[in-house]
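What follows is a short report on a single structure.
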Amino acid sequence: MVTNTISPSAPLAASAGQGGRSNKRRRIPSVGRSLWWFALPAVALYLYIVIWPTILGAAYSFTDWSAFKREPDFVGFDMFARVLQGDLGGAAIRTVFLAVVTMAIMNVVGLALALVLNTKLKGRNVLRAVIFAPAIISSLVIGYLYKYIFGPPNIGAVNMLLELFGLPQQDFLGNPTTALWIIVLVICWQFSGSAMIIYLAGLQGVPEELIEAAAIDGAAPFQRFWHILRPLLAPAFTINLMLGLIGGLKVFDQVFALTLGGPANQTQTISTLIYQQFSQFGLWSRSTALAVLLAIAVAVLSFVQFAVLRRQEKNL
Amino acid sequence: MKGTPLGTTARYVYAYGSAILFLLPVYVLVNLSIRPVTDLTPAIIPTSTPTIDNFVTAWTGSDLGQAIVNSAIVTALSVTAIVIIATAASYPLARSSARLSTATFYFFLVGLLLPFQVATLPLYIQFKDLGLLGTLWGLVIFYAGSQLPFAIFLITTFLRTSVAIEYEEAARIDGASDIRVFRSIVLPLLLPVVGTVVILVGNGIWNDFFTPLLYLSGTHNATIPVALNQFVGAFGNNWPAIFAGLIISMLPILVVFVLFQRYVIRGFAGGLKG
């Protein structure tokens, strides 16, 4: 632990000068430094479960290993080329579409709900809890619930309702386009509430006097929102948009429950494709190459988004 | 936001209307699960002959009971391990400005970005070699390792920004050892963030489907999502029984949510703010 010898500055002097808890990110070297070995179990487990398998996995994506081969052989970028020419194109576009659309809808709905449920309203705590509750339920359960609601003619709840009103029934999940929109709906239904909760937490930091003062000065509701709330909510926007995008890019459970990627692979996302290649087809290297591409996509897109949002936060 | 009468009505309509939209699918779920299989009226119409037959069918015709026990064991063990290991690691990471500490912290943050799917195949082989494949222990070890970065990130950030260092300094001046300071001063102050970690990580593990689907499938050690998947496959189009199964599987977490509602909501709001 050679590096431990830097900065022997006196912690007491520093703290006396700067007075306490308001000072973020201050770290004082002497307190707890000799406890560095406390981190050892975490480092060991993390290396074994995350780092080492990830490095190995990335290496496997340059081989042609599958359930049908005893040993992996190095094939360079072959797997990536094959994946890019194969099913990935459609699935990648679909995944990005799902991520962007659900992110947008969830945030509009979540913000609107937060603005309303931040005002004085009878039973607002119950309303908040009810609207948030789907977020803690398994996405698989919710997927199955909606699989029945949008089930095939003469079975699904919506179809029985259409029948009742004498309207033509639809095979909602059998049609790739409607199936995709149903996946969007299910994700938004489940997670708009958690977006709302984060906006509500952001709104709690906004003093009511500020809004009242603006109202007295004659600011219209939209002006009040745009000029006062929006800048103050900037961190909540950043978190919600990031979470929405990353969650959307990784979506698996809902698609698995609702369509299994079908009909004819037309609702396959990158994550369900990874599962299909790995578990059902035994194409191990191919699924790993897909996972590496997903990782790169998630990293690049979320980094770009983060950079843009941060810059906007600063410009406000 | 001070409302005119019209504004107030609009707000109530919007808020309660949204709540009804959110509850409608749940209503269908409950309604279908308590009606006889032979009742084929639209699911939106309340059933006239409620029954608990579907729950009996679902409970006796499946391994859901065992799966709930398995999920509880896996979640409890994983969360306990994560809290202990991550809390211990976060203390030196938050309090030491040594380059090694900073580097270790960033090293853990990398784990937040790495998608676990890349590691799927090598982990599968590692677990198989150790005889952990298909066991609950394998899952516990997997979750403990893969959720560490998130837990360490939350706890370290909390220590740096919300726990004043003066208490620790005062205790050290009074002659307390490092370990004593950690145990008697720091740990009690960490309770809020530990609560957040338990809620967020615990909920994620309880609901996780992808990992047990890969590592547990074909064994009797199914967790709830895996058991549900098998269950839905086995019951085909018997939706009333499936819905009874879905409700049984949701009950434990809903009970926890109702009991600890405020903490859960605060946990999600606070933790995700990170």
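Computed from heavy atoms alone, side chains included, the values below leave out hydrogens, waters and symmetry copies. Letters go in sequence order (proteins before strands), and every chain restarts at 1.
- In terms of non-hydrogen atom pairs under 4.5 Å with chain B, the most contact-rich of I197(A), L140(A), I49(A), L161(A) is I49(A).
- The closest side-chain heavy-atom distance from T288(A) to T120(B) is not below 4.5 Å.
- Side-chain atoms of S139(A) and N207(B), non-hydrogen and from C-beta on, never get closer than 4.5 Å to each other.
- Within a 6.0 Å radius of OH in Y48(A), other residues, nucleotides and ligands contribute more than 12 heavy atoms.
- With values rounded to the nearest 0.5 angstrom, Y16(B) atom OH is found 11.5 Å from R124(A) atom CZ.
- The residue among V264(B), L228(B), L214(B) with the most heavy atom pairs within less than 4.5 Å of chain A is L214(B).
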| message | Evaluate L21(B) against W189(A) for side chain to side chain contact (heavy atoms under 4.5 Å, CB included), listing each step before the verdict. | response | CA-CA 9 Å; L21(B) 277 184; W189(A) 182 83; over 6 Å; no
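- For L121(A), the parts lying under 4.5 angstrom from a heavy atom of chain B are both the backbone and the side chain.
- The minimum heavy-atom distance between I85(B) and P41(A), with the atom names listed, is CG2-C, 4.1 Å.
- The shortest distance between side-chain heavy atoms of T104(B) and Y46(A) does not fall below 4.5 Å.
- The contact between Q261(B) and chain A is made entirely by side chain atoms (from C-beta outward), counting heavy-atom distances below 4.5 Å.
- Considering only heavy-atom pairs separated by less than 4.5 Å from chain B, the leading option among A59(A), S61(A), G151(A), A112(A) is A112(A).
- F108(B) touches chain A through backbone and side chain together, each having a heavy atom under 4.5 Å away.
- Counting heavy-atom pairs closer than 4.5 Å to chain A, the top residue among A89(B), P25(B), S90(B), G245(B) is P25(B).
- Using a 4.5 Å heavy-atom threshold, the side chains of F107(B) and L47(A) count as touching.
- With a threshold of 4.5 angstrom between heavy atoms, S192(A) approaches chain B through side-chain atoms but not through N, CA, C or O.
- For L56(A), the parts lying under 4.5 angstrom from a heavy atom of chain B are both the backbone and the side chain.
- Put simply, the side chain of L145(A) reaches to within 4.5 Å of the side chain of F243(B), judged on heavy atoms.
- Of the two parts of A129(A), the backbone and the side chain both hold a non-hydrogen atom closer than 4.5 Å to a non-hydrogen atom of chain B.
- Looking at I155(A), only its side chain comes within 4.5 Å of chain B, counting heavy atoms on both sides.
- For L29(B), the parts lying near chain A are the backbone and the side chain together; criterion is any non-hydrogen pair under 4.5 Å.
- In this structure, chain B has heavy atoms under 4.5 Å from both the backbone and the side chain of L113(A).
- Proximity to chain A involves both the backbone and the side chain of V110(B), based on heavy atoms less than 4.5 angstrom apart.
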| request: Begin from the C-alpha positions of Y148(A) and I242(B) and carry the test side chain to side chain contact (heavy atoms under 4.5 Å, CB included) through to its verdict. | output: CA-CA 10 Å; Y148(A) 166 77; I242(B) 291 174; over 6 Å; no
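- In this structure, chain A has no heavy atom under 4.5 Å from any part of I82(B).
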| message | Before you tell me yes or no, could you show the steps for F257(B) and F132(A) under side chain to side chain contact (heavy atoms under 4.5 Å, CB included), namely the whole-Å CA-CA distance, both residues' side-chain angles and the distance that decides it to 0.1 Å? | response | CA-CA 10 Å; F257(B) 179 58; F132(A) 169 72; 3.8 Å; yes
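- Within the 4.5 angstrom heavy-atom criterion, atoms from both the backbone and the side chain of N229(B) approach chain A.
- Contact count against chain A (heavy-atom pairs under 4.5 Å) is highest for L121(B) among I265(B), L121(B), L246(B).
- Nearest heavy-atom pair, K120(A) versus R11(B), reported as atom, atom and distance to 0.1 Å: O-NH1, 3.3 Å.
- Most heavy-atom pairs under 4.5 Å with chain A, from the set P225(B), G111(B), A88(B): that is A88(B).
- Here the closest heavy-atom approach between residue W52(A) and residue Q126(B) is recorded as CD1-OE1, 3.9 Å.
- Remark: F260(B) CZ is loosely packed, at most 12 non-hydrogen atoms of other residues, nucleotides or ligands lying under 6.0 Å away.
- Here the shortest heavy-atom pairing between V118(B) and A58(A) reads CG1-N, 3.7 Å.
- Proximity to chain B is absent for every atom of A44(A), based on heavy atoms less than 4.5 angstrom apart.
- For Y91(B) and F38(A), the distance between ring centers is not under 6.0 angstrom.
- No other option in V186(B), V256(B), I45(B), L213(B) has as many heavy-atom pairs under 4.5 Å with chain A as L213(B).
- Across I274(A), T238(A), V126(A), I246(A), the residue that shares the most heavy-atom pairs under 4.5 angstrom with chain B is I274(A).
- Counting heavy-atom pairs closer than 4.5 Å to chain A, the top residue among F182(B), F127(B), F209(B), F210(B) is F209(B).
- Of the atoms belonging to I131(A), heavy atoms from both backbone and side chain fall under 4.5 Å from chain B.
- Of the two parts of L40(A), neither the backbone nor the side chain holds a non-hydrogen atom closer than 4.5 Å to a non-hydrogen atom of chain B.
- Neither the backbone nor the side chain of A257(A) comes within contact range of chain B; no heavy atoms are under 4.5 Å apart.
- To the nearest 0.5 angstrom, T54(A) atom OG1 is 7.5 Å from L123(B) atom CG.
- Residue contact with chain A, scored on non-hydrogen atoms closer than 4.5 Å, involves the backbone and the side chain of F142(B) alike.
- In this structure, the portion of L164(A) lying under 4.5 Å from any heavy atom of chain B is its side chain and not its backbone.
- Looking at I141(B), the atoms closer than 4.5 Å to chain A (heavy atoms on both sides) sit in the backbone and in the side chain alike.
- Only the side chain of L114(B) comes within less than 4.5 Å of a heavy atom of chain A; its backbone N, CA, C and O stay farther away.
- Annotation: side chain of P122(B) is in contact with side chain of Y60(A) (closest heavy-atom distance under 4.5 Å).
- The closest donor-acceptor contact from the side chain of Q117(B) to the backbone of K250(A) lies at 3.5 Å or more, if one exists at all.
- Proximity to chain B (any heavy atom under 4.5 Å) is shown, for Y199(A), by neither the backbone nor the side chain.
- The closest side-chain heavy-atom distance from L254(B) to I137(A) is below 4.5 Å.
- Between I136(A) and F268(B) the shortest side-chain heavy-atom distance falls below 4.5 Å.
- Proximity to chain B involves both the backbone and the side chain of V141(A), based on heavy atoms less than 4.5 angstrom apart.
- Both the backbone and the side chain of A15(B) come within contact range of chain A, judged by heavy atoms closer than 4.5 Å.
- If you measure heavy-atom distances from L148(B) to chain A, the contacts under 4.5 Å come from the side chain alone.
- Contacts between S279(A) and chain B at a heavy-atom distance below 4.5 Å involve the side chain alone, from C-beta outward.
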